[in-house]
Every structure is written in structure tokens, then in C-alpha cells.
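Heads up, the thing below is written out as C-alpha cells.
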Amino acid sequence: MQLKSIIALNALAGVVVASPAPAVHAREVDLDTFVHNEKAIALQGVLNNFGPNGNLSRGAAPGVAIAGNSEIDPPYIYTWTRDTALTVMSLIHEFLSGNSSLEELIQQYITTTAKMQTVSNLSGDLSDGAGLGEPKYNIDVTAFNEPWGRPQPDGPALRASALIAYGNHLLAKGQKAKVLENIWPIVSNDLAYVGQYWNQSGFDLWEEVKGTSFFTTAVQHKALVEGKALATALGKSCTACTVAPQILCHLQDFWNGTVVVSNTPTNGRSGIDINSVLASIATFDPAAACDDLTFQPCSARALANHKVLIDGFRSAYGINKGRTTGKAAAVGRYTEDIFMGGNPWYLATLAAAEQLYDALYQWDRQGSLTVTKLSLPFFRDLVATVHTGVYPKSSPTYKTITSAVRTYADGFISVVQEYTPADGGLSEEYERDTGVQKSAPDLTWSYASFLTAVARRNGSVPPSWGSSAVLALPGKCAPTTVQGTYATATPSSW
Ligand SMILES: *[C@@H]1O[C@H](CO)[C@@H](O)[C@H](O)[C@H]1NC(C)=O
Ligand SMILES: *[C@@H]1O[C@H](CO)[C@@H](O)[C@H](O)[C@H]1NC(C)=O
Ligand SMILES: *[C@@H]1O[C@H](CO)[C@@H](O)[C@H](O)[C@H]1NC(C)=O
Ligand SMILES: *[C@@H]1O[C@H](CO)[C@@H](O)[C@H](O)[C@H]1NC(C)=O
Ligand SMILES: *[C@@H]1O[C@H](CO)[C@@H](O)[C@H](O)[C@H]1NC(C)=O
Ligand SMILES: CC(=O)N[C@H]1CO[C@H](CO)[C@@H](O)[C@@H]1O
């Protein structure tokens with residue numbers, strides 16, 4: 001994941017040997033069958049990487065996931081706060097959709113998180129909250145004391161959102177006391193961190209750019225909005241949550257009129273990065289309008305950005321030859337990427353699909369679809385004759401457009417299918433010119449992103465986080481922060 005270690009490794013790797021063609025077995029079935037079969041493999045793939053029982057977890061503590069099945073090059077037998085929180089989010093969705101067997105692992109994750117919050121580390125410790133921004137730990141929940149890109153301030157926000165999702169479920173079941181005892185004290189620390197540190201520089205989700213990141217800012221905003229709602233439901237206060245409008249204000253800085261410029265500074269890149277699509281799907285609110293301010297998946301901004309981003313990868317990779325405008329393509333992190341040779345990633349390709357499934361859900365729920373001047377180029381690639389306008393669900397144009405968007409979205413899943421070997425294992429990457437798997441096998445986040453993408457494809461969405469109620473921006477952006485208070489959380493048994 002981190003660039004600097006890899007440059008050295010690439011130098012050692014020497015000449016790249018031509019690889020055999022990828023296994024094609026998975027291609028032999030139709031897309032629905034692939035999705036059905038691969039979904040079970042992806043869920044098992046996630047579970048294999050979690051302690052205490054996962055067969056690849058190598059003694060990881062209960063509720064701790066390794067990042068991927070690779071000891072060296074890249075070294076992924078560590079646990080990242082971001083990857084694990086996003087993965088647990090996907091498990092919570094499966095749990096809420098009816099798979100009750102996943103509840104114990106969710107609870108183990110929460111209990112272990114309380115312990116992790118107390119581990120002093122090179123980012124700091126819990127007394128002033130600074131230690132919460134530490135990006136990764138050893139899998140026995142001790143500190144990782146080597147140089148790294150730290151802090152990574154998306155972690156506490158994503159973790160709070162995962163705990164809030166499960167907490168809201170318990171609340172709905174009438175278990176307020178359990179939420180107050182086992183969940184709120186942990187969430188409260190993570191929300192306090194966001195309120196106190198959101199305006200300081202940190203590393204982005206690829207651990208490469210120090211500054212401010214669109215993804216981080218977007219998930220921080222969501223965490224404070226849903227955190228405030230949980231606090232209210234519990235009769236608690238969340239002082240940190242009062243800065244949510246300022247974080248939303250800062251989020252607008254990343255939109256340059258054409259595209260999301262995902263990092264400030266850009267470190268000499270264009271700033272066009274799957275960071276933006278990952279932010280859109282992580283902050284997807286099924287009840288929202290196509291709000292530009294929160295970059296909802298169906299918003300004109302997010303769709304315009306999707307087009308520019310995907311088009312950039314068409315000429316970047318050999319395997320995208322023939323995947324011209326309007327056809328799905330292999331997608332990576334950003335076109336200037338050189339990590340492991342700079343390849344498409346499964347989680348990036350799946351995110352490109354997921355944004356479109358989310359948008360389809362939103363249009364269906366709203367009962368219409370609007371094509372604006374900004375989003376027109378996105379739609380024109382799929383339906384060449386379309387014009388700006390509002391198309392109600394009953395209109396033929398709505399049906400033509402949504403059917404084309406769905407075909408386009410399915411195309412990204414088909415790309416994943418094409419480069420998935422017979423055993424269904426998902427590594428981190430697939431090679432840019434051959435499609436052969438690259439980097440860590442069994443990447444936890446690859447499997448988790450498959451689960452969320454195909455759930456959305458199936459119309460299965462998370463609960464609303466109340467985004468539309470909070471769209472008012474302050475008259476002027478201000479760097480307002482709130483000094484947090486932090487305390488060791490001591491969850492009892494479940
Ligand atoms: C899609 O939803 C249907 C009905 O809710 C369910 O039976 C099916 O298993 C789901 N498919 C996937 C891939 O999740
Ligand atoms: C772990 O389980 C998977 C099935 O989910 C299997 O394919 C794999 O071989 C197992 N690995 C080990 C090391 O036992
Ligand atoms: C539910 O989760 C278990 C793992 O706890 C898994 O083995 C099973 O296949 C899942 N069921 C469905 C329908 O996904
Ligand atoms: C702090 O907030 C101000 C006002 O929104 C913004 O201009 C600035 O970029 C922010 N800096 C960081 C590091 O978040
Ligand atoms: C927005 O950023 C992109 C990518 O860096 C750049 O190509 C484009 O010119 C910028 N547009 C404006 C209006 O600044
Ligand atoms: C700044 C800080 O708290 N550093 C701590 C990081 O973690 C190691 C090991 O847990 C401690 O020795 C450091 O003091």
C-alpha cells in the first residue's frame with residue numbers, strides 16, 4: 001500500500017518475466033452465476049482473514065483482520081484501522097440483511113477496538129486522542145513502531161461509523177443499555193478525535209500524500225452527522241459533532257468545477273483518484289437526493305467525476321485496449337500509480353460499479369432522473385442521443401438511460417470476472433498488461449468490496465445516515481475544532 005517501501009522492492013525484482021494468461025474458468029459462467037458463486041467465496045475470504053478462527057489469520061486477536069495473505073512484498077500481516085472498519089461495515093450489512101451468524105465477529109471487533117484505542121503508539125496515545133489516528137497495528141493489538149505515513153485520520157471516522165451501524169441496530173431492538181455500555185464510550189473517543197484533529201494534515205488512504213484528502217474529509221463528515229444522531233438517541237452530547245458543517249464546507253474545496261481533486265497538495269499528480277468514488281460509496285445515503293454537496297453517487301458532480309476518472313484508465317493499461325468510452329474498463333487507484341508496477345485494483349474496479357448501482361437505487365427511489373449540463377457527458381457516453389432534462393420514471397428515456405447505466409455497471413463486474421482465477425481468490429491487483437493477479441493474494445478489502453458492490457447490485461442498501469437534513473453550509477468556511485475528552489472504554493460481555 002505504501003509507495004516508498006515498494007520502489008526498493010521493484011528495484012530488486014529486476015526484469016519482469018512474461019506471465020501466463022490468467023485462468024479463465026470464472027469467465028465460463030454468466031454474470032449472475034459468477035456473482036452468486038463469488039459472493040460466497042468473498043464472504044469466506046473475509047472470514048479467513050479474521051482472528052481468532054480464520055484459517056489465514058495467523059493468530060490474530062479476536063475481531064482483528066490481516067490486510068491480506070502476504071508476509072513480504074507486500075508485508076500485509078498487520079491490521080489497518082481503515083481496511084478493517086470498511087470490511088466490518090460490509091459484514092454488518094450482511095448481518096442486518098439476515099446473516100445472524102456474523103454477529104459474534106462484529107462484537108469481537110468492537111471489544112478489541114476498545115483495547116486498541118488504549119495502545120500508545122508513534123502517533124501518540126489516548127490522553128489527548130492523538131493515538132487514535134495510528135493507521136496500523138500488529139495483529140496481536142500491539143503498536144507498530146516503524147516509520148510509516150501517520151497519522152491517517154480517516155480511521156477513527158470509519159470505525160465510528162461501523163460501530164454506529166451496529167449500535168443503531170441494537171437500539172432498534174430496545175437494547176439502549178448495551179449501546180451505552182459497550183458502544184458509545186468507544187464511538188465517543190473516535191468522534192472526539194475527528195472534532196479535534198480534522199483540520200490537521202494527515203496521510204491519505206493510500207498512505208502517500210500528506211495533507212488533506214477528499215475521502216477522509218467525506219467520511220469524517222458522515223461520522224459526525226450520524227454520531228450526533230446516536231448521541232441524541234442515547235441522551236448524550238457530542239460537542240465534536242458541532243463542527244460537521246465546517247467539515248462539509250472544507251469538502252467543497254476538493255471540487256474544481258470539473259472533477260474531484262482528491263488530495264491537497266496533489267504531490268505533482270492530477271489528483272484524479274478512485275479516492276473520490278470510494279468516498280461517494282462510503283457516504284452513500286439511499287434516502288438522499290442527488291446532492292452535489294455530499295457528492296452522492298447520483299449527483300451530477302459524482303457522475304461527471306466518474307467519467308473523467310474512468311476515461312483516464314482506458315489508455316493507462318494494456319488490458320483496457322478496446323474498452324473505449326462508454327464501455328467498462330479495468331480501474332486502478334490513479335493513473336500515475338507505480339506501486340507494484342501501477343496496476344488495476346479489484347476494489348477500485350468494484351467501486352466504479354458500486355457508485356452506479358447506488359445511483360440507480362437513488363433514481364428509482366426519487367422517481368426521476370435529471371441530466372444536467374455537468375452530467376451530460378457521462379450520460380452521452382451511454383446513450384448518445386440524450387439531452388439535459390428531468391426524466392420521470394414512467395418515461396421511455398428514463399428506462400433507456402437506467403438500463404444503459406446498469407449495463408455499464410455490470411460491465412465493471414464482468415471485468416472483475418474476467419481477471420478472477422478459477423478458485424475465485426481476489427488479490428489486491430491484476431496486472432496492467434496481462435490481467436494476471438498481482439500483489440497480496442486474498443486481500444481482505446478486495447473481498448469486502450465485492451460484498452458491498454453485489455449487495456447494491458441486488459438493491460440491498462444500508463440505512464440512511466440523515467445526510468439531506470444537514471446540507472446548509474456556513475457562510476464562510478472556518479477551521480473550527482473542538483478540544484476532545486477521551487477515556488478508556490471498558491465494554492462488558494455481550
Ligand atoms: C439478492 O436478493 C435476493 C432476494 O432478496 C436473494 O435471494 C439473493 O440471494 C440475493 N443475491 C445476492 C447475490 O446477494
Ligand atoms: C482456507 O480456507 C479456504 C476456503 O475458504 C481454502 O480454500 C484454503 O485452502 C484454506 N487455507 C488454509 C491455509 O487452510
Ligand atoms: C452467513 O455467514 C456464514 C459465516 O458465519 C457463512 O458461512 C454463510 O454462508 C453465510 N450465509 C449467507 C446466506 O451468506
Ligand atoms: C482547515 O480548514 C480551512 C477552512 O475550511 C481550510 O481552508 C483548510 O484547508 C483546512 N486545512 C486542513 C489541513 O484541513
Ligand atoms: C480540475 O482538475 C483537473 C485534474 O487535475 C484538471 O485537468 C482541470 O483542468 C481542472 N479544472 C479546473 C477548472 O481547474
Ligand atoms: C508518542 C507515543 O506515545 N509513543 C509510544 C508509541 O508506542 C510505543 C510502544 O507501545 C511506546 O513505547 C511509545 O512511547
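Y447 pairs in a side-chain hydrogen bond (donor to acceptor under 3.5 Å, both in side chains) with only one of the listed residues (T87, N49, D442), which is D442.
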Is there a salt bridge (Lys or Arg N to Asp or Glu O under 4.0 Å) between R269 and D337? Walk through the geometry before answering. CA-CA 9 Å; R269 304 176 192 159; D337 197 358; over 6 Å; no

Go through the steps for E38 and R457 under the test salt bridge (Lys or Arg N to Asp or Glu O under 4.0 Å), then give the verdict. CA-CA 14 Å; E38 185 66 23; R457 179 175 188 263; over 6 Å; no

Hey, mind stepping through S460 and H93 against side-chain hydrogen bond (donor to acceptor under 3.5 Å, both in side chains) and telling me if it holds? CA-CA 9 Å; S460 178; H93 185 76; 2.7 Å; yes

Step-by-step side-chain hydrogen bond (donor to acceptor under 3.5 Å, both in side chains) determination, E354 to S449: CA-CA 9 Å; E354 186 169 328; S449 62; over 6 Å; no

Can H250 and T212 be said to form a side-chain hydrogen bond (donor to acceptor under 3.5 Å, both in side chains), step by step? CA-CA 10 Å; H250 178 47; T212 107; 3.0 Å; yes

Steps toward side-chain hydrogen bond (donor to acceptor under 3.5 Å, both in side chains) verdict (N343, S439): CA-CA 9 Å; N343 298 301; S439 193; over 6 Å; no

Kindly indicate, with the supporting measurements, whether the criterion salt bridge (Lys or Arg N to Asp or Glu O under 4.0 Å) is fulfilled by E207 and K136. CA-CA 11 Å; E207 321 192 286; K136 64 185 266 197; over 6 Å; no

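Between the S446 side chain and the L347 main chain, no donor and acceptor come within less than 3.5 Å of each other. Under the 3.5 Å distance criterion, the side-chain polar atoms of H306 are matched with a main-chain donor or acceptor of A352. Panel note: side chain R82, backbone L158; no donor-acceptor pair is recorded below 3.5 Å. R159 places no side-chain N or O within 3.5 Å of a backbone atom of A85 that could act as its donor or acceptor partner. A donor-acceptor pair under 3.5 Å is absent between the side-chain atoms of S464 and the main chain of D285, judged by distance alone. Side-chain atoms of Q220 come within 3.5 Å of backbone atoms of P153 as a donor-acceptor pair (strictly under, hydrogens ignored). Under the 3.5 Å distance criterion, the side-chain polar atoms of S375 are left unmatched by any main-chain donor or acceptor of V371. The closest donor-acceptor contact from the side chain of R323 to the backbone of A330 lies at 3.5 Å or more, if one exists at all. Q437 places a side-chain N or O within donor-acceptor distance of the main-chain N or O of G425, the cut-off being under 3.5 Å. Judged by distance alone, the side chain of Q152 and the main-chain N or O of T81 form no donor-acceptor pair under 3.5 Å.
The ring pair (Phe, Tyr, Trp, His ring centres under 6.0 Å) search around F284 returns none, not counting sequence neighbours. With sequence neighbours left out, the ring pair (Phe, Tyr, Trp, His ring centres under 6.0 Å) criterion links F295 to F214. In this structure Y408 satisfies the ring pair (Phe, Tyr, Trp, His ring centres under 6.0 Å) test together with F412, sequence neighbours excluded. Residues forming a side-chain hydrogen bond (donor to acceptor under 3.5 Å, both in side chains) with S299 (at least two apart in sequence, or on another chain): none.
Taking the ring centroids of W206 and W345, they lie under the 6.0 Å cut-off.
Atom SG of C290 is separated from atom CH2 of W363 by 7.0 Å, given to the nearest 0.5 angstrom. Between the CG atom in L374 and the CG atom in L303 there is a gap of 8.5 Å [rounded to 0.5 Å]. Atom CH2 of W445 and atom CG of D83 lie 5.5 Å apart (nearest 0.5 Å). A distance of 9.0 Å separates CG in L230 from CD in E226, rounded to the nearest 0.5 Å. To the nearest 0.5 angstrom, L105 atom CG is 6.0 Å from L91 atom CG. Interatomic distance, CD of Q108 versus CG of N53, reported as 7.0 Å (0.5 Å rounding).
The shortest heavy-atom contact between M340 and K438 is O-CE, 3.4 Å. Shortest non-hydrogen contact noted between L356 and A409 is CB-CB, 3.8 Å. The two residues Q362 and P286 have their closest heavy-atom pair at CG-O, 4.3 Å. Nearest heavy-atom pair across G63 and T84 is O-CG2, 4.4 Å. In terms of heavy-atom proximity, L102 sits nearest to F95 at CD1-N, 4.1 Å. Of all the heavy atoms in I274 and G332, the pair that sits closest is CB-O, 3.6 Å.
Side-chain polar atoms of Q44 and N48 form a donor-acceptor pair below 3.5 angstrom. Between the side chains of S468 and D291, at least one donor-acceptor pair of N or O atoms lies under 3.5 Å. If you check the side chains of D253 and T264, you find no donor sitting under 3.5 Å from an acceptor. A donor atom on one side chain and an acceptor atom on the other are not found under 3.5 Å apart for D273 and S262. The closest side-chain donor-acceptor pair between Q107 and Y166 falls under 3.5 angstrom.
Counting heavy atoms from C-beta outward, D364 and K393 have side chains that approach closer than 4.5 Å. In this structure, the side chains of D190 and L132 come closer than 4.5 Å at one or more pairs of heavy atoms. Looking at heavy atoms from C-beta onward, F215 lies out of side-chain contact with T283 at the 4.5 angstrom threshold.
The stretch residues 87-102 participates, sequence neighbours left out, in these salt bridge (Lys or Arg N to Asp or Glu O under 4.0 Å) pairs: K39-E94. Identified under the side-chain hydrogen bond (donor to acceptor under 3.5 Å, both in side chains) test for residues 395-405, with sequence neighbours left out: none.
Atom CD of E104 is surrounded by 12 or fewer heavy atoms from other residues, nucleotides or ligands within 6.0 Å. Residue K307 qualifies as enclosed at atom NZ: its count of foreign heavy atoms under 6.0 Å is above 12.
Taking the six-membered ring where the residue is Trp, Y346 and Y430 present tilted rings, their angle falling between 30° and 60°.
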